[in-house]
Amino acid sequence: MRIPLIAGNWKMNLSCRQGTDLVTSINAAVKETEVEVAVCCPSILLGCIGNAVKNTGIKLGAQNMHWEEAGAFTGEISADMLLEAKVDYVIIGHSERRHIFGETDEMVNKKVVKALSKKITPIMCIGETLDEREAEETFSVLNRQLEEGIKGVSPEEAKTMVIAYEPVWAIGTGKTATPEQANEAIGYIRNELEKLYGSQVSEELRILYGGSVKPNNATEIMNCEEIDGALVGGASLKADDFIGIIQF
Ligand code: PGA
């Protein structure tokens with residue numbers, strides 16, 4: 001039985017005060033829902049938002065981490081630092097990291113492996129660009145990003161991971177994949193996981209959809225058989241919108 005996860009990705013937004021107010025505003029709705037809810041805030045806010053979510057049931061997530069243990073990596077954050085901030089989740093390989101900051105499948109893989117070794121749950125993002133979709137390369141891109149991203153991950157570890165299918169063309173654009181497109185891509189990913197790890201892993205691992213999820217499309221997305229939740233950007237910044245999604 002996969003418990004749905006709705007994770008807010010705040011990206012480079014909100015202050016300590018604004019984030020705390022947001023957590024306070026969504027808390028009652030989170031208490032009433034059966035789904036798991038997480039907020040992934042900028043690393044500098046992890047201490048502040050960690051305090052805000054204490055005793056709320058809301059999980060804490062980071063948006064990135066480095067794969068090395070420690071050392072001369074100016075500007076980077078290690079897994080141990082995230083553990084000290086008591087994070088549950090870390091987003092890895094978001095398309096903005098891949099496309100703006102040049103993250104490769106190999107880097108994503110090193111981060112995934114490191115996070116799992118530290119018992120931080122990675123939310124590994126994969127997804128095709130518009131050009132790739134139009135060239136009918138969606139499945140081959142998903143296949144490559146998936147296989148490269150989870151190289152060396154054991155079945156026991158894989159079960160605990162979260163994967164987010166985020167078509168790049170749907171992120172922050174207001175264009176959502178249709179529920180059929182999202183369900184089809186996520187079904188494909190689950191099938192590939194079954195081939196790699198067997199059905200026990202593919203049936204336990206949660207796969208989210210992300211890309212312009214809003215209160216008015218959350219129900220049809222969340223009701224799709226293959227979709228285990230949502231990674232929400234823009235709509236996670238406003239309490240009413242995020243509550244609307246949680247209560248899909
Ligand atoms: P969006 O972002 O909901 O604003 O499209 C989703 C994401 O980038 O995770």
Side-chain angles (χ1 to χ4, degrees), residues 4-14 18-19 22 26 35-43 45-46 49 58-65 87-103 108 111-112 115 120-130 132-133 138 141-142 145-146 149 161-179 181-183 185-186 189 206-222 224 227-248:
L5 168 65
I6 295 179
N9 173 11
W10 292 359
K11 308 192 180 184
M12 198 172 71
N13 293 295
L14 303 182
Q18 289 168 328
L22 181 56
I26 64 172
V35 306
E36 193 182 333
V37 176
V39 290
C40 302
C41 67
S43 11
L45 296 186
L46 285 169
I49 303 306
I58 301 170
K59 301 278 175 66
L60 184 65
Q63 299 173 10
N64 186 25
M65 58 162 252
V87 310
D88 303 286
Y89 292 102
V90 59
I91 299 172
I92 302 285
H94 187 277
S95 73
E96 284 147 21
R97 302 274 349 145
R98 292 177 188 260
H99 295 285
I100 306 173
F101 301 102
E103 268 186 30
V108 170
K111 293 178 181 199
V112 164
I120 301 171
T121 304
I123 302 176
M124 185 180 87
C125 302
I126 59 177
E128 82 286 2
T129 62
L130 188 56
E132 289 163 342
R133 177 161 280 268
T138 298
V141 169
L142 293 180
Q145 292 180 341
L146 178 68
M161 282 182 67
V162 176
I163 291 174
Y165 167 60
E166 298 208 307
V168 179
W169 48 273
I171 296 176
T173 58
K175 275 191 203 161
T176 333
T178 64
Q181 285 172 324
N183 199 53
I186 290 178
I189 296 165
R206 290 179 294 179
I207 310 177
L208 317 182
Y209 168 76
S212 299
V213 178
K214 309 284 178 211
N216 65 5
N217 59 24
T219 311
E220 52 177 15
I221 290 167
M222 295 297 293
C224 290
I227 303 181
D228 302 321
L231 185 55
V232 185
S236 72
L237 299 173
K238 289 199 194 111
D240 287 349
D241 286 350
F242 200 48
I243 290 170
I245 294 171
I246 292 168
Q247 295 176 333
F248 63 93

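Quick caveat, the model's predicted, so the values are computed rather than measured. When a ligand or atom number is given, it counts from 1 through the structure's own listing order.
- Distances below 4.0 Å separate heavy atoms of Lys11 from the following atoms of ligand 1: 2 (O), 7 (C), 8 (O).
- Using 4.0 Å as the threshold, Gly210 has no heavy atom nearer than that to any atom of ligand 1.
- Between the side chain of Thr129 and the backbone N or O of Val168 there is no donor-acceptor pair closer than 3.5 Å.
- No side-chain heavy atom of Ser43 sits less than 4.5 Å from a side-chain heavy atom of Gln63.
- At a 4.0 Å heavy-atom cut-off, ligand 1 does not touch Ser236 at all.
- The shortest separation from a heavy atom of Ala170 to ligand 1 is under 4.0 Å, placing the residue in contact.
- Every atom of ligand 1 with a heavy atom of Gly211 under 4.0 Å away is listed here by number and element: 5 (O).
- Proximity of Ile171 to ligand 1, defined as any heavy-atom pair under 4.0 Å, is shared by backbone and side chain alike.
- Checked by atom type and distance alone, the side chain of Arg206 never pairs as donor or acceptor with a backbone atom of Val162 at under 3.5 Å.
- Summarising the geometry of Arg133 relative to Thr138, their closest heavy-atom pair is CA-OG1, 3.4 Å, with the distance given to 0.1 Å.
- In this structure, His94 is part of the shell of residues with a heavy atom less than 4.0 angstrom from ligand 1.
- Within the 4.5 Å cutoff, side-chain heavy atoms of Ile6 are placed close to those of Met222.
- For ligand 1, the atoms closer than 4.0 angstrom to any heavy atom of Gly172 are 1 (P), 4 (O), 5 (O).
- Among the candidates Asn183, Thr176, Leu231, the single residue satisfying the side-chain contact (heavy atoms from CB on, under 4.5 Å) test with Tyr209 is Thr176.
- Within ligand 1, counting atoms from 1 as listed, the ones closer than 4.0 Å to a heavy atom of Ser212 are 1 (P), 3 (O), 5 (O).
- For the residue pair Glu166/His94, the side-chain donor-acceptor check at 3.5 Å is satisfied.
- Looking only at protein heavy atoms, the nearest one to atom 9 (O) of ligand 1 is Glu166 OE2, 2.7 Å.
- Gly233 N, 2.9 Å is the protein heavy atom nearest to atom 3 (O) of ligand 1.
- Among all non-hydrogen protein atoms, the one lying nearest atom 4 (O) of ligand 1 is Gly234 N, 2.8 Å.
- At distances below 3.5 Å, at least one donor-acceptor pair connects side-chain atoms of Gln145 with backbone N or O atoms of Gly127.
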